[in-house]
Amino acid sequence: MTGVDADLARARALLAGAARVVVFTGAGVSAESGIPTFRDALEGLWARYDPEALATEAGFRADPPLVWRWYAERRARVARAAPNAAHRAIAALERTGRAVTVVTQNVDGLHGRAGSTDVVELHGSIVRAKCLEGCGPAPAGWDRDARVPPPCPACGAPLRPDVVWFGEPLPPGAFERAERLAGEADAMLVVGTSGLVQPAASLPWAAVRHRRPVIVVDPNPTALDDLATVGLRGSAVSVVPSILPSGPIRPDASAP
Ligand code: APR
C-alpha cells in the first residue's frame with residue numbers, strides 16, 4: 001500500500017467511525033462548480049480591482065453601484081452553477097445516521113442547494129441582501145437583477161449584500177457554535193480553504209485542542225497542513241466522495 005493509499009484508508013476509517021462530523025469548507029469546495037476561489041485572479045472588468053478593497057463597507061460606501069455590480073455578477077454566476085459531487089457527498093453523509101454540520105466560509109449557498117440541512121454560513125450569503133444602515137433583511141421580493149443597489153423600503157438607504165466584509169464581525173453566535181462543534185466532533189473534514197482568514201481558520205485548531213482528528217483535502221499546500229491528522233492532496237471532487245462513508249456508523253472502524 002502506498003503512502004497515499006494509507007492516508008486515504010486512514011481518512012475513510014476515521015470518518016466511518018465518526019458519529020459527529022464537522023465539515024469545514026472554503027472556496028475550493030466550489031471551484032469544480034465553476035465558482036472561482038476568492039484569491040483566484042479576478043477576471044475581465046474586475047481584474048484591476050483588489051477583492052479585499054471591494055469586499056468592505058468603505059468600498060461599498062465609496063461606490064455602491066460598482067460593488068453592487070460585482071456582487072450581482074457573482075450572484076448570477078452562482079445561480080448558473082450547480083453543486084458538485086463533493087457538495088452532494090457531504091449532504092449524503094447526513095443520510096447515514098451521522099450528525100453532520102457544515103461550517104462554510106463560502107457565500108454561494110451550494111451546500112444548502114446540495115441538500116445539507118445544518119450549514120453555518122460564517123461569511124453570510126451572496127443570495128441575500130440587507131439594509132446598509134441596519135434596518136434588517138431585504139424584503140422577500142427585492143430586485144435581484146437591479147444594476148444599482150435598491151433602496152431599503154424602511155429607510156431609503158441602499159441595500160447591500162448580506163455577506164461579512166473584511167473588518168466586520170461574523171453573524172452573532174455562528175463562530176461560537178462552530179467552535180463548540182469542532183471541539184465535540186468525532187472527526188473534522190476540511191475541504192478547499194487556504195486557512196488564511198481569521199477567525200474562521202482557527203476552527204481546525206479548536207478540533208486539535210480537543211484531540212479530535214482533522215482531515216485536510218486540498219490540491220495545494222495550505223496553512224492548515226501542519227495540524228492535519230491526515231492530509232490528502234487532491235481536488236474536492238476527486239477526493240471527498242471517495243472518503244465519505246455511505247453506510248452507517250462503524251464505532252470500531254477508527255480504532256487505532
Ligand atoms: N478542490 C479543493 N480545493 C481547491 C480546489 C479544488 N478543486 N481548487 C482550489 N482549491 C483550494 C486552493 O488550493 C486554496 O487552498 O481552495 C483554497 C481556496 O483558498 P482561498 O481562495 O483563500 O479561499 P478561502 O480559504 O475560502 O478564503 C477564506 O477569505 O477571502 C476571504 O471571505 C473570503 O471566505 C473567504 C475567506
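Both counts, for ligands and for their atoms, begin at 1 and track the order of listing. Nothing fancy with the numbering, it's 1 onward along the sequence. The figures here come from the full heavy-atom set of this structure, side chains too, leaving out hydrogens, waters and symmetry mates.
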Worksheet item: What is the distance from atom CD1 of I126 to atom CG of D162, rounded to the nearest 0.5 Å?
Response: 11.0 Å
Worksheet item: Which residues pass the side-chain contact (heavy atoms from CB on, under 4.5 Å) test with S116, sequence neighbours left out?
Response: I90, A91, E94, V102, H111, V119
Worksheet entry | Which of the ligand 1 atoms, numbered from 1, are nearer than 4.0 Å to a heavy atom of E32 | 1 (N), 6 (C), 7 (N)
Worksheet item: Is R144 close enough and on-axis enough to W68, meaning under 6.0 Å and within 45°, for cation-pi?
Response: no
Practice prompt. Report yes or no: does D218 have a heavy atom closer than 4.0 Å to ligand 1?
Written response: yes
Worksheet entry | Any P245 side-chain heavy atom under 4.5 Å of R12 side chain | no
Discussion item. Side chains of V107 and R74, heavy atoms from C-beta outward: is any pair under 4.5 Å?
Written reply: yes
Discussion item. Test your reading of the structure: does A31 have an N or O sitting under 3.5 Å from an N or O of ligand 1?
Written reply: no
Worksheet item: What atoms in ligand 1 come closer than 4.0 Å to a heavy atom of S235?
Response: 1 (N), 7 (N)
Worksheet entry | Subset of ligand 1 atoms that lie under 4.0 Å from at least one heavy atom of Q105 | 28 (C), 34 (O), 36 (C)
Worksheet entry | Step-by-step side chain to side chain donor-acceptor pair (under 3.5 Å) determination, T222 to S194 | CA-CA 5 Å; T222 81; S194 57; over 6 Å; no
Practice prompt. Could you list which atoms of ligand 1 come closer than 4.0 Å to a heavy atom of F166?
Written response: 30 (O), 31 (C)
Worksheet item: Looking at ligand 1, does any of its N/O atoms fall within less than 3.5 Å of an N/O of T193?
Response: yes
Worksheet, complete the sentence: Sequence neighbours excluded, the answer for side-chain contact (heavy atoms from CB on, under 4.5 Å) partners of A85 is R88, V237, P241
Fill in: Test of proximity, N106 against ligand 1: N or O pairs below 3.5 Å
no
Worksheet item: Is there at least one pair of N or O atoms, one from L196 and one from ligand 1, spaced under 3.5 Å apart?
Response: no
Worksheet entry | Element-labelled atoms of ligand 1 that are located less than 4.0 Å from some non-hydrogen atom of G26 | 26 (O)
Item to complete: May I ask you to check if ligand 1 and N220 share an N or O to N or O distance below 3.5 Å?
Response: yes
Worksheet item: So which of P221, A236, A223 gets nearest to atom 2 (C) of ligand 1, if we judge by its closest heavy atom?
Response: A236
Item to complete: Answer yes or no: does an N/O atom from V197 fall short of 3.5 Å to an N/O atom of ligand 1?
Response: no
Worksheet item: Any donor-acceptor pair under 3.5 Å linking the side chain of N84 with the backbone of V29?
Response: yes
Practice prompt. Report yes if the side chains of W205 and L203 come closer than 4.5 Å at any heavy-atom pair, otherwise no.
Written response: no
